[in-house]
Amino acid sequence: MALMPCVEYATKTDVPAPPSVCCDGFKSLVEMAPICLCHGINGNIGKFMPAPIDLTRMMSLPATCGVTPPVEALTKCFSKY
């Protein structure tokens, strides 16, 4: 839900930048539930969004929003539980 304000940015290439509320939600997600970033990395986030996601734009959110996801959480995206 924290990424819902990012939908327009992530689905429409004519939206030049994510709104600040998107970056706030992304930062909150990184701080509170970084394992959820795996849905973006493995492409599953499209199942939760109302329109097809531009994965390049989704993957640019850390840099665009100035948020650094923790490496240890991202490592879990590629390991089996």
Side-chain angles (χ1 to χ4, degrees):
M1 293 307 293
L3 293 180
M4 289 310 289
C6 302
V7 170
E8 285 202 27
Y9 174 74
T11 61
K12 298 178 181 176
T13 57
D14 62 336
V15 176
S20 62
V21 68
C22 166
C23 289
D24 292 344
F26 183 74
K27 181 178 180 182
S28 174
L29 180 77
V30 168
E31 291 173 355
M32 305 299 264
I35 195 69
C36 293
L37 296 173
C38 294
H39 291 295
I41 291 170
N42 65 23
N44 287 339
I45 197 162
K47 295 177 184 178
F48 304 106
M49 296 293 190
I53 299 296
D54 180 329
L55 289 178
T56 301
R57 287 186 140 221
M58 186 58 73
M59 298 304 273
S60 75
L61 279 177
T64 303
C65 292
V67 178
T68 304
V71 174
E72 59 275 3
L74 299 178
T75 302
K76 291 180 182 180
C77 298
F78 302 105
S79 64
K80 297 207 177 221
Y81 298 84

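What you are looking at is a predicted structure, and each value in this text was computed from that prediction instead of being measured. What you see below is based on every heavy atom in this structure, not just the backbone, and it leaves out hydrogens, waters and symmetry mates.
Atom-to-atom distance recorded for Leu3:CG and Leu37:CG is 8.0 Å, nearest 0.5 angstrom.
Counting heavy atoms from C-beta on, the side chains of Pro69 and Pro62 come closer than 4.5 Å.
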Decide yes or no on side-chain contact (heavy atoms from CB on, under 4.5 Å) for Val67 and Leu61, but give the supporting numbers first.
CA-CA 8 Å; Val67 178; Leu61 279 177; over 6 Å; no
Counting only pairs under 3.5 Å, give me each side-chain donor-acceptor contact of residues 11-29, with atom names and distances, residues two or more places apart or in other chains.
{"from": "Thr11", "atom 1": "OG1", "to": "Val7", "atom 2": "O", "distance (Å)": "2.7"}

Determine all donor-acceptor pairs shorter than 3.5 Å in which one atom belongs to a side chain in residues 48-56; sequence neighbours excluded.
{"from": "Asp54", "atom 1": "OD1", "to": "Thr56", "atom 2": "N", "distance (Å)": "3.0"}
{"from": "Asp54", "atom 1": "OD1", "to": "Arg57", "atom 2": "N", "distance (Å)": "3.2"}

